[in-house]
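On a predicted model such as this, the values are computed, not experimentally measured, just so you know. Below, chain A is the first sequence line, B the second, and so on; all start at residue 1.
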Protein chains: 2
Amino acid sequence: MRKDSRLSRMLHVLIHMDQLDAPATSEKIAKMLNTNPVVVRRTMAGLRDKGYVTSVKGHGGGWSLAMALSDITLLDIHNAMGDSSVFTIGLSDEHTSCPIEIAVNQAISDVLIEAEALLLERFRDVTLDKLAVGFADYPLNQQTSSGE
Amino acid sequence: MRKDSRLSRMLHVLIHMDQLDAPATSEKIAKMLNTNPVVVRRTMAGLRDKGYVTSVKGHGGGWSLAMALSDITLLDIHNAMGDSSVFTIGLSDEHTSCPIEIAVNQAISDVLIEAEALLLERFRDVTLDKLAVGFADYPLNQQTSSGE
DNA sequence: TTTCATGTAACTTATGATGTTTCATAAATA
DNA sequence: TATTTATGAAACATCATAAGTTACATGAAA
Ligand code: FES
Ligand code: FES
């Protein structure tokens with residue numbers, strides 16, 4: 001089942017951005033993530049809409065952090081990615097009036113809801129500055145010829 | 001992100017099977033799930049490998065429960081589906097030596113592991129007979145012309 | 001006015017689950 | 001023994017959708 005690594009990638013980007021004095025362009029970020037500038041814009045747009053980053057057009061433009069890392073949590077970024085459920089597990093809906101299907105789905109759903117609640121609670125407890133401690137001077141976009 | 005409803009579907013099937021006296025054919029189950037007999041065989045094969053169901057070829061053959069519903073848990077069936085992680089969230093691996101990526105992935109991973117542990121624990125607490133109580137006489141493969 | 005950047009829409013590609021076809025194998029039945 | 005009915009398994013096709021790409025408009029700085 002396909003994985004969504006946007007959360008991981010965006011956290012990584014945001015923390016590196018905190019160490020820069022100039023805005024990071026979509027192209028620069030795209031190279032860092034080994035992807036495409038338009039994909040970066042699409043994903044960063046969600047963060048901008050929530051106020052975590054700002055974007056500036058034109059010469060010298062690009063993306064900048066809009067607040068301190070200590071004011072942003074994993075949950076904030078997770079939520080900004082939109083995109084509903086964190087689980088690959090879904091419910092059947094072939095016989096929505098069958099009491100067995102209903103009972104089965106209810107049981108699964110109960111567990112998913114509880115597990116997701118725990119996950120979100122933990123995400124809320126982690127601010128991004130906690131992930132950056134001790135690495136203040138590590139370079140953004142450390143490209144290696146070996147492809148790292 | 002795509003959902004995997006095999007767990008829900010198989011639980012539904014198993015509980016209905018418990019109410020039958022004869023084996024259920026792949027074709028019958030496929031109709032119930034609005035899918036293809038080969039898909040059913042593929043999924044049921046995982047359950048057979050773990051000993052929860054048996055399959056019999058030829059005339060009068062098909063699939064049967066190999067043990068009581070009270071001896072099977074949601075976790076058992078979940079595990080029999082194989083297929084690793086329950087989360088749509090993945091980790092980045094573009095810069096595996098970057099301490100920030102490492103710290104980010106570690107933080108996410110810690111949370112996922114804890115949430116998954118809770119989920120598996122809850123799945124282990126639910127035996128299938130608990131989901132069937134009170135519905136003993138509900139018919140398998142209740143086909144409706146309206147498509148239900 | 002040229003260059004550099006984001007914004008956005010439309011389109012293409014890649015991936016993986018799901019579905020399908022086909023044939024081999026095995027068991028009951030006539 | 002021949003026929004019917006079932007699973008087993010491999011090979012292939014389809015579908016959904018996330019990711020990637022192209023193209024062009026917009027806006028800001030030099
Ligand atoms: S990106 Fe964190 S270092 Fe290359
Ligand atoms: S299947 Fe549970 S009833 Fe049609």
Asker: Look at the side chain of B/V38 and decide which nucleotide, out of D/dG20, D/dA10, C/dT18, has an atom nearest to it.
Answerer: D/dA10

Asker: Measure from NZ on B/K3 to P on C/dG16 and round the result to the nearest Å.
Answerer: 19 Å

Asker: Side chain of B/R42, base of C/dG19: donor and acceptor closer than 3.5 Å?
Answerer: yes

Asker: Over how many whole Å does the gap from B/D4 atom CG to D/dA16 atom P extend?
Answerer: 17 Å

Asker: Side-chain N or O of A/R41 less than 4.0 angstrom from OP1 or OP2 on C/dT6?
Answerer: yes

Asker: When you match A/R9 and B/W63 each to their closest nucleotide on DNA chain D, which lands nearer the 5' end?
Answerer: B/W63

Asker: Just by modelled atom types, is the B/L120 backbone N or O under 3.5 Å from a matching donor or acceptor in the B/H78 side chain?
Answerer: no

Asker: Measure the CG-CD distance between B/L91 and B/Q106 for me, rounded to the nearest 0.5 Å.
Answerer: 9.5 Å

Asker: Rounded to the nearest 0.5 Å, what separation is found between the CG atom of B/L14 and the CD1 atom of B/I72?
Answerer: 6.0 Å

Asker: Rounded to the nearest angstrom, tell me the gap between atom CG in A/N36 and atom P in C/dT8.
Answerer: 16 Å

Asker: Side chain of B/V39 only, please: which of C/dT18, D/dA19, C/dA9 is the nearest?
Answerer: C/dT18

Asker: Do the side chains of B/M1 and A/I77 join up, straight or via other hydrophobic residues, at under 4.5 Å, putting them in one cluster?
Answerer: no

Asker: Can you confirm whether the side chains of B/S8 and A/N105 place a donor and an acceptor under 3.5 Å from each other?
Answerer: yes

Asker: Just how far, in rounded Å, is C1' of C/dT29 from NZ of B/K57?
Answerer: 18 Å

Asker: Pick base, sugar-phosphate or nothing for B/G60, based on heavy-atom distances below 4.0 Å to the nucleic acid.
Answerer: nothing

Asker: Specify the separation, in whole Å, of atom CD of B/E27 and atom P of C/dT20.
Answerer: 12 Å

Asker: On the nucleotide C/dA5, are OP1 or OP2 found under 4.0 Å from the side-chain N or O atoms that A/T25 carries?
Answerer: no

Asker: Can you figure out which of C/dT20, C/dT6, C/dT15 approaches the side chain of A/R2 most closely?
Answerer: C/dT15

Asker: Let me know the distance between CG of B/N34 and P of C/dA17, rounded to the nearest Å.
Answerer: 21 Å

Asker: Closest to the B/H59 side chain: C/dT21, C/dT6, C/dT29?
Answerer: C/dT29

Asker: Mapping A/G61 and A/M1 to their closest nucleotides on DNA chain C, which lands nearer the 5' end?
Answerer: A/G61

Asker: May I ask you to test the A/L47-A/M81 pair for a side-chain heavy-atom distance under 4.5 Å?
Answerer: yes

Asker: In whole Å, what is the span from the NZ atom of A/K28 to the P atom of C/dT6?
Answerer: 12 Å

Asker: From CE of A/M81 over to P of D/dA18, roughly how many Å is that when rounded to an integer?
Answerer: 14 Å

Asker: Does the side chain of A/V40 reach to within under 4.5 Å of the side chain of A/V13, using non-hydrogen atoms?
Answerer: no

Asker: Drop me the distance from B/R41's CZ to B/N36's CG, to the nearest 0.5 angstrom.
Answerer: 8.5 Å

Asker: Is there a residue in residues 45-56 of chain A whose heavy atoms reach under 4.0 Å of DNA chain D, and which residues are they?
Answerer: none

